[in-house]
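Okay, so here's the structure we're looking at.
In what follows, chains are A, B, ... by sequence order, proteins preceding strands, each numbered from 1.
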Number of protein chains: 2
Amino acid sequence: MSKQLPVPAGTEDSGCCPPLAQESIPASDAAAAAGFKALGDPIRLQLLSLIASHAGGEVCVCELTPRFEVSGPTISHHLKVLRQAGLIDCERRGTWVYYWIVPAMLARLADLLSAPAAASV
Amino acid sequence: MSKQLPVPAGTEDSGCCPPLAQESIPASDAAAAAGFKALGDPIRLQLLSLIASHAGGEVCVCELTPRFEVSGPTISHHLKVLRQAGLIDCERRGTWVYYWIVPAMLARLADLLSAPAAASV
DNA sequence: TCCCTGGATTGATGAACGTCTAAGCAGAGC
DNA sequence: GCTCTGCTTAGACGTTCATCAATCCAGGGA
């Protein structure tokens, strides 16, 4: 994609305010942004909620699909997006496929939001 | 396979697992998904970080723009997206415009991530 | 073995997104 | 008033995304 302005970044000073501190969200931007982007869809957010709220910790796809008014392939696509973002994982068990939450990734994203919220109060 | 009628949701039982519990992420899906979508871009994530990590709690746009390799209007666009998502707010003060974090929205999104993560451990 | 079912993958299409250039608007200084 | 600077808005363009129909693959049962 376009990217043709190799500006040094940070060397300009307009004099309106003191220089900026180092950002608190480090170079993990790409992975974190991908995680948030995966969450940026109502269907995926609800899928994640349904999986997380299930008692056994894992849910069969056949339980998820009839909950939505979109086709099976679409649900499968959204589950794949969530899986590629590292938010969920799955395993085939006989006829059915089961999905479960990856708590570490969720906690990491939650931390990214908690830190700035607390720092700016 | 004909199945795109507005099914009541939850009335089908394939017999592979017990019925699903009520989801823990409620009807606030739309607003939350919009918030996460706004965070789903590396530039916006870094903008939020820069604003949140600033000592005074608010940052002049002229401090943000030179930090990125995209044009000024593009930064302005991303700031608008963040503002429409309720994550930041701004005010014109003389020549310059200042942005600051809205902690409540960040905290709310963080809670949405913390709850499922804790429930599924 | 064959067939049926559950689910993922592929390919196509319309909508949404990110980026740019150009133009517009609001303050500050001359 | 005029002009300059800081920032936003408008319009255009190429890319990415969400969705569906059709197809394919894996397991289980007769």
Sugar-phosphate means primed atoms, P, OP1 and OP2; the rest is base. With that split, encode nucleotides 21-30 of chain C 5' to 3' as B, S or - using protein heavy atoms under 4.0 Å. BB----SS--
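- One finds a side-chain N or O of A:His78 lying less than 4.0 angstrom from the OP1 or OP2 phosphate oxygen of D:dT19.
- Atom-to-atom distance recorded for A:His54:NE2 and A:Ile101:CD1 is 12.5 Å, nearest 0.5 angstrom.
- Rounded to whole Å, atom P of C:dG7 lies 15 Å from atom CZ of A:Arg67.
- Atom pair A:Lys80:NZ and C:dA8:C1' shows a separation of 8 Å (rounding to whole Å applied).
- Place B:Val97 and A:Arg44 on DNA chain D by their nearest nucleotides, and B:Val97 ends up nearer the 5' end.
- Note: B:Ile43 CD1 to B:His78 NE2 = 4.0 Å, rounded to the nearest 0.5 Å.
- B:Leu47 has its CG atom 13 Å from the C1' atom of C:dG18, to the nearest Å.
- The distance from atom CD of A:Glu69 to atom C1' of D:dC20 is 15 Å, rounded to the nearest whole Å.
- For A:Trp96, the side-chain atoms get nearest to C:dG6 when compared with the rest of D:dT8, D:dA18, C:dG6.
- Counting to the nearest Å, the P atom of D:dG6 and the CG atom of B:Leu79 are 16 Å from each other.
- A donor-acceptor contact shorter than 3.5 Å links the side chain of B:Thr65 to the backbone of B:Val61.
- Residues in residues 51-62 of chain A take part in these salt bridge (charged side-chain N to carboxylate O under 4.0 Å, His left out) pairs, two or more places apart or across chains: A:Glu58-A:Arg93.
- In this structure, B:Lys37 and A:His77 both approach DNA chain C, and ranking their closest nucleotides by distance from the 5' end singles out A:His77.
- Phosphate contact (OP1/OP2 of C:dG7, side-chain N/O of A:Tyr98, threshold under 4.0 Å): absent.
- Between the side chain of A:Ser114 and the backbone N or O of A:Ala110 there is at least one donor-acceptor pair closer than 3.5 Å.
- Heavy atoms of B:Ile75 sit nowhere under 4.0 angstrom from any nucleic acid atom.
- Remark: B:Arg83 pairs with B:Lys80, B:Ile88, B:Asp89, B:Cys90, B:Tyr99 by the side chain to side chain contact (heavy atoms under 4.5 Å, CB included) rule, at least two apart or across chains.
- Spacing between atom CZ of B:Arg83 and atom P of D:dC7 amounts to 13 Å, rounded to whole angstrom units.
- Shown here for B:Ala32 and A:Leu45, the closest heavy-atom pair between the two residues is CB-CD2, 3.8 Å.
- With rounding to whole Å, A:Glu91 atom CD is found 15 Å from D:dG27 atom C1'.
- Taking atom CD of B:Gln84 as the reference point, atom P of D:dT8 lies 13 Å away to the nearest angstrom.
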